[in-house]
Amino acid sequence: MSLEFQPDRNLAMELVRATEAAAIRSFPFIGRGDKNGADGAAVDAMRAFLGTVHFEGKVVIGEGEKDNAPMLFNGEILGTGSGPRVDIAVDPIDGTSLTAAGRMNAISVIAVSDRGTMLDASSVFKMNKLVVGKPGVGVCDLTMSIAENIREYSKSAGKPVDEVLVAVLDRDYNQGVVDEVRSAGAATRLLRDGDVAAGIQAARSESRIDIALGVGGSPEGVITAAGVRALGGQMQGILHPLSEEERLRGGEAGLRFDHVYQMNEMVSSDNTFFVATGVTDGPLVSGVRKRGEVIFAESIVVRGKSGTVRKVFAEYQASRWL
């Protein structure tokens, strides 16, 4: 691919406008118990702004397969058609239930990579994932037991096992993971939702979370991989079909089971962007807030080529949005 068709740093600011728009439009729904209303508002806003971005973006991970959405569906082409040809993974709200309940850690997120480099894992909704930051790179592996991973991470990081913190989605199917983590002597941080934010935090050196483990969304896993790769961390995943029908559908799509997908199989280019804006407050980014007639939004922008991490703070006039 020639340089003129590769995403450049200017694309990041165009993408962050789309995640900001989705987060701001979902703001009136925070704590109102209407997760579908929140998601619909976020989808509409993100779709509208992505239509103005100077690229030809193909949605690889979108809303259509998972939520039967009429917009941001898998295969949809977005953008002005000029500029780089890219793959896009979107989640207008990762954590719709969190948003509806007014809980922490909901974000709006987009990942972008060169066209043809992003794994379409949307036909199988769940994936068993392992995410670590730099101390765990080349040390931790999904083929090892959870106890072994924790011990090896502890040695590499120079941190006692009882200070290692492991993020796990709080689901019945992850109870065995929780039990093994605690039996190994480490602590858990149980998440109601929002495993993208947890994975990104595990890859960041200043985060309290050391490891993200367990079964979560496979589309979210691909989004996370784009960010983790740019941050210099490590991610692995094993697809986890919940039914024989899903296994057959995944096989027809060319997906592999009982195979450990490495990070560079989920996103095979380092020419990536990961952009997330806070919907509700969390350790990764603060949520949208309104003070008088001003709306405040905070985003994180990670560029794979340079490994650069930026925080973006925006102020909007509320009269133009709400």
Side-chain angles (χ1 to χ4, degrees), residues 14-53 57-79 88-112 120-123 125-126 169 191-197 216-224 274-282 284-290 295-299 314 316-322:
E14 295 195 69
L15 295 172
V16 81
R17 289 170 62 240
T19 54
E20 285 174 353
I24 291 170
R25 288 297 190 195
S26 64
F27 174 76
F29 295 91
I30 294 173
R32 305 290 181 176
D34 184 3
K35 70 175 187 177
N36 290 332
D39 191 53
V43 169
D44 289 346
M46 180 176 282
R47 174 64 177 79
F49 273 80
L50 284 175
T52 70
V53 175
K58 180 181 179 182
V59 179
V60 175
I61 301 292
E63 290 283 285
E65 289 290 329
K66 181 176 65 173
D67 298 323
N68 297 314
M71 292 191 295
L72 297 180
F73 56 84
N74 293 21
E76 185 176 7
I77 301 297
L78 301 173
I88 316 171
V90 301
D91 200 339
I93 305 179
D94 180 39
T96 52
S97 295
L98 300 176
T99 302
R103 295 192 177 105
M104 296 178 66
N105 286 327
I107 60 174
S108 176
V109 61
I110 298 173
V112 169
D120 181 358
S122 57
S123 56
F125 297 156
K126 298 295 181 184
L169 273 180
L191 310 170
R192 292 180 182 271
D193 278 299
D195 55 343
V196 173
S218 55
E220 288 85 351
V222 176
I223 295 173
T224 304
F274 173 91
V275 178
T277 300
V279 176
T280 60
D281 285 340
L284 185 64
V285 281
S286 296
V288 175
R289 61 196 67 206
K290 182 175 179 285
I295 298 171
F296 299 88
E298 181 182 348
S299 305
Y316 289 92
Q317 293 301 308
S319 60
R320 301 183 182 184
W321 286 87
L322 305 174

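Side-chain atoms are counted along with the backbone in the values below, which use heavy atoms only and exclude waters and symmetry mates.
A pairwise comparison of heavy atoms in Ala21 and Ala45 identifies O-CB, 3.5 Å as the closest pair. Shortest non-hydrogen contact noted between Ser122 and Pro219 is CA-CG, 4.2 Å. For the pair Ile110 and Ala18, the tightest heavy-atom approach, listed with the atom from each and the gap, is CD1-CB, 3.8 Å. Between Asp195 and Gly216 the shortest heavy-atom distance is OD2-CA, 3.5 Å. In plain terms, the two heavy atoms of Ala23 and Gly278 that are nearest each other are CB-O, 3.7 Å. Residues Asp34 and Ala100 share a closest heavy-atom pair of N-CB, 3.8 Å.
For Ser218 (side chain) and Ala121 (main-chain N/O), a donor-acceptor pair under 3.5 Å exists by modelled atom type. Remark: side-chain polar atoms of Glu298 are paired, donor with acceptor, to backbone N or O of Ser286 under 3.5 angstrom. Between the side chain of Arg32 and the main chain of Thr99, no donor-acceptor pair closer than 3.5 Å is present. In terms of modelled atom types and a separation under 3.5 Å, the side chain of Thr277 and the main chain of Ser299 share no donor-acceptor contact.
Asn105 contributes atom CG, which lies 8.5 Å from atom CG of Leu284 (distance to the nearest 0.5 angstrom). If you take CG on Leu50 and CZ on Arg17, they are separated by 10.0 Å, rounding to the nearest 0.5 Å. The distance from the OG1 atom of Thr280 to the CZ atom of Arg103 is 10.5 Å, given to the nearest 0.5 Å. From Ile107, atom CD1 reaches atom CG of Asp91 across 8.0 Å, with rounding to the nearest 0.5 Å. Atom CG of Leu169 is separated from atom CZ of Arg192 by 12.0 Å, given to the nearest 0.5 angstrom. Here CE of Met46 is found 10.0 Å from CG of Asp39. Values are rounded to the nearest 0.5 Å.
By the neighbour-count criterion of 12 heavy atoms within 6.0 Å, atom NZ of Lys126 is densely surrounded, having more than that number from other residues, nucleotides or ligands.
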* To do: Using the side-chain contact (heavy atoms from CB on, under 4.5 Å) rule, take Leu78 and Val53 through it: C-alpha gap first, then chi angles, then the decisive distance, then the call.
  => CA-CA 8 Å; Leu78 301 173; Val53 175; over 6 Å; no
* CA sep, side-chain torsions, deciding dist, call: Phe274, Thr224, side-chain contact (heavy atoms from CB on, under 4.5 Å) -> CA-CA 8 Å; Phe274 173 91; Thr224 304; 5.9 Å; no
* Asked: Taking it one step at a time, do Val90 and Val43 satisfy side-chain contact (heavy atoms from CB on, under 4.5 Å)?
  -> CA-CA 9 Å; Val90 301; Val43 169; over 6 Å; no
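Considering only heavy atoms from C-beta on, Thr96 stays 4.5 Å or farther from Asp193 through its side chain. Contact annotation: the side chain of Tyr316 never approaches that of Val288 to less than 4.5 Å [non-hydrogen atoms, C-beta and beyond]. A 4.5 Å side-chain heavy-atom check between Ile295 and Phe27 finds every atom pair outside the cut-off. Using a 4.5 Å heavy-atom threshold, the side chains of Phe73 and Val59 count as separate.
Using cut-offs of 30° and 60° on the angle between ring planes, the pair Trp321 and Phe49 is parallel.
Ion pairing between a basic and an acidic side chain is recognised when a charged N comes within 4.0 Å of a carboxylate O; Asp281 and Arg289 show such pairing.
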